[in-house]
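In the text below, chain A, chain B and the rest are named by the order of the sequence lines, each starting its count at 1.
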There are 4 protein chains.
Amino acid sequence: MTTRTRERDKREALLRAARDVLVEEGYHHAKIDEIAQRAGVAKGTYYLYFKDKRAIFAELVDGLVARIESAIVRVDERADLGAQVRHNIRATIAVLAEDPPLARIVLGPTSGLDAAFTDTVTRMHVGVVSLLSRTLRDGQSLGVVAEGDTDLLAMFAVGALKEAVLRSEELGPARREQLVTELARFLEKGFLRLR
Amino acid sequence: MTTRTRERDKREALLRAARDVLVEEGYHHAKIDEIAQRAGVAKGTYYLYFKDKRAIFAELVDGLVARIESAIVRVDERADLGAQVRHNIRATIAVLAEDPPLARIVLGPTSGLDAAFTDTVTRMHVGVVSLLSRTLRDGQSLGVVAEGDTDLLAMFAVGALKEAVLRSEELGPARREQLVTELARFLEKGFLRLR
Amino acid sequence: MTTRTRERDKREALLRAARDVLVEEGYHHAKIDEIAQRAGVAKGTYYLYFKDKRAIFAELVDGLVARIESAIVRVDERADLGAQVRHNIRATIAVLAEDPPLARIVLGPTSGLDAAFTDTVTRMHVGVVSLLSRTLRDGQSLGVVAEGDTDLLAMFAVGALKEAVLRSEELGPARREQLVTELARFLEKGFLRLR
Amino acid sequence: MTTRTRERDKREALLRAARDVLVEEGYHHAKIDEIAQRAGVAKGTYYLYFKDKRAIFAELVDGLVARIESAIVRVDERADLGAQVRHNIRATIAVLAEDPPLARIVLGPTSGLDAAFTDTVTRMHVGVVSLLSRTLRDGQSLGVVAEGDTDLLAMFAVGALKEAVLRSEELGPARREQLVTELARFLEKGFLRLR
DNA sequence: CATGAATGAGGGTTCATTCAT
DNA sequence: GATGAATGAACCCTCATTCAT
């Protein structure tokens, strides 16, 4: 069991190290050697836990995507729509705020990353946008969402959110707290006719 | 004159090829050899026109940034603010729409690119956002912009614009035309109190 | 321990190979690939032991210079000057004779070598010549050295020594033994009996 | 005739440029491009006058060697030997002093230069040394040269001369004039008066 | 003859991956 | 499991040489 724990530890140490290196150097400048060193293991050990260079970063990205997806509530149109949207904004930001540097990678367009990440990230994007779009369409028939192309509206909303998160580090921590409030207000006044 | 034309041609063929390769493979996977091949010249020829690998990509990025900057009108607060904002949205989108794949690189966060690009791109970002923020602040004192943190509002607006451009290829060309209209409307209803 | 021995071995095999290649091809024609091959390792292995191409040659040159310097006794003017000079000639030749081809590189003017070597070699030269010059000046005040410009005399002596070493391979081994004796005699007496 | 003169001019301009570049950069760092530029012609023009990179440097070296050889008088043992030796020293130094940097290349051991030069330079060396050695042997039978291995003695003499020339730039011009006198005296007398 | 744009072989260096211990 | 020495494919860049104009 100690052994099993130790194994766990090494795997996680590697993941943590990989995240740091990814954030500091970017995928291509990240060296297996440095990840291993920061994790306190030998280079060869890396390959006991991960198939190749791509694998560890894929796992980091997949993990974040999964955490976002599980934080978002499937919108129930019979309940308070505004509350649900606000909750999803808040929840998404909360997950991303746990690790802003990593968030930046997942939120950004995929240029410069390998095809493997591109796919994962793109899938998440499409998923989030189409979910939101559908929600907005439902909202329109209920009369609580303004007229307009819901795909585009969803896009705008996601873009505003992404930018906010991407730049949130540049803001002082004080302003960061306003972010959720302001964003919700912005989205509401833009296309929501809540009450 | 023929000679001069040939030179021009090769330089431009290389730039075009580099753009394609950059878009398809990302900066790090882009091989000089492939750029040269696609441009129909030998590898050595590349170095007659560009100092090193970075140079050609820097030129692509700088060029787009310059085109965007020169397309944006400095906002005159005594004139019709809404019209000016709409014009800037339209103009920016127009420039970016000339080359969406390249746009994606300039608009995205800079992960995966070399420090050289990061700087250029970041400078543009900061410039655009702070320009917009200042404009909004002026708008607030004139009473045509809603209350709120103008830095955040500027961020949201830029984010929405970026996302729109980034995803504009996924939209059919028909819907792409709606983009400007919808975005303008979205921004107006969100924080502009025009009329 | 076996491991440590292997490491040592490879490093030394590389140094030996580099010496051979340097002697046979000169610095610029020397290829890392060939050094590695002759040492029986892969090209990449070279870079485990030496930072870059220059490093291995610098080490060879530095090593020889150091061996020469530690073989030379600082001249004590109160003791037998002739004996000391003879000893220094003998000791220098002995060190250089351990590896005549390498000696040729250190003794020669520095054309064709990189600035890095030039410096080391020049420093040694200047050091040896000025040491000898000072000794001769002391010798003059003691009356055991002839009148004359001691800088020039030191130069002549070093030149004769260098040439002797450089050409010593062309001599049969038998004659090589005479070298020290003859050189000492030459320096003492000259060889022309004019008038 | 004008044309012929112009051709001559270009060839000579290239040779002059090549000498400068060779002296400043060494053979391997010398670029055809720079030679052509300094000569005020296009790169392609170089190849109208010289077969390849090696050719122009070979010509420079051959020229200097030829000038040295024609300046040396074949020693006539029936005439004043001392005078002839002094003349040869003087003449050799005079030729070399016309172009000390180039001299350095010809006098130095051949490491770092291409095989082509090595051969020329070595041939000259062997020629000079064996000529001198024969002269000394003759001198011995006439009783004007001391006992000893004449090959070695010739070597020492040439070495002293070479070193003197190689370092002559470091000396002030005043001291450079002493060089011939001192060297002749050195060869006659040696400089140690031990016992 | 003169030009200089074009070529492409060649070599130094990096780093993901393997494998014997 | 753990190690880290060894490997070699990959890629940027230089520069001697050619040749169409």
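For the pair B:Lys43 NZ and E:dG11 C1', the interatomic distance rounds to 11 Å; values are reported in whole Å. When rounded to the nearest whole Å, the span between NE2 of A:His29 and C1' of E:dT14 equals 11 Å. Rounded to whole Å, atom C1' of F:dT14 lies 14 Å from atom NZ of B:Lys51. Distance, A:His28 NE2 to F:dA10 P: 15 Å, rounded to whole Å. Nucleotide E:dA6 holds its P atom 17 Å from the CD atom of B:Gln37, rounded to whole Å. Taking atom CD of residue D:Glu25 and atom P of nucleotide F:dA16, one finds them 11 Å apart after rounding to whole Å. Rounding to whole angstrom units, CG of residue C:Leu14 and P of F:dA5 are separated by 14 Å.
The distance from atom CD1 of D:Ile32 to atom OG1 of D:Thr45, rounded to the nearest 0.5 Å, is 12.0 Å. Between the CZ atom of C:Arg19 and the CG atom of C:Leu60 there is a distance of 8.5 Å, given to the nearest 0.5 Å. In this structure, NZ on A:Lys43 lies 9.5 Å from CD on A:Gln37, to the nearest 0.5 angstrom.
Between B:His28 and A:His28, the ring planes lie parallel to each other; the angle is under 30°, not in the 30° to 60° tilted range.
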Each base of DNA chain E marked ( ) or [ ] if paired in-strand (Watson-Crick or G-U under 3.5 Å), | if paired to another strand and . if unpaired gives .||||||||||||||||||||

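Distance check on atom P: F:dT21 versus E:dC1 gives 22 Å, rounded to whole Å.
Comparing atom distances between the A:Tyr47 side chain and each of F:dA6, F:dT17, E:dA16 picks out E:dA16 as nearest. With E:dG4, F:dC12, E:dT17 as the candidates, the nucleotide lying closest to the side chain of D:Ala42 is E:dG4.
Relative to the six-membered ring of A:Tyr27, A:Lys53 meets both conditions, a distance below 6.0 Å and an angle of at most 45° to the axis.
At the heavy-atom level, D:Leu48 lies under 4.0 Å from base atoms of the strands shown. Within 4.0 Å of D:Lys31, counting heavy atoms only, lie sugar-phosphate atoms of the nucleic acid but no base atom. Residue contacts for B:Ala30: at a heavy-atom cut-off of 4.0 Å it reaches the sugar-phosphate backbone alone, with no base atom in range.
In terms of position on DNA chain F, the residue among C:Gly44 and B:Tyr46 whose nearest nucleotide sits closer to the 5' end is C:Gly44.
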Requested in this report: Output, in order, the C-alpha distance, side-chain angles, deciding distance and verdict of side-chain contact (heavy atoms from CB on, under 4.5 Å) for C:Asp33 and C:Tyr46.
Outcome: CA-CA 9 Å; C:Asp33 220 0; C:Tyr46 173 90; over 6 Å; no

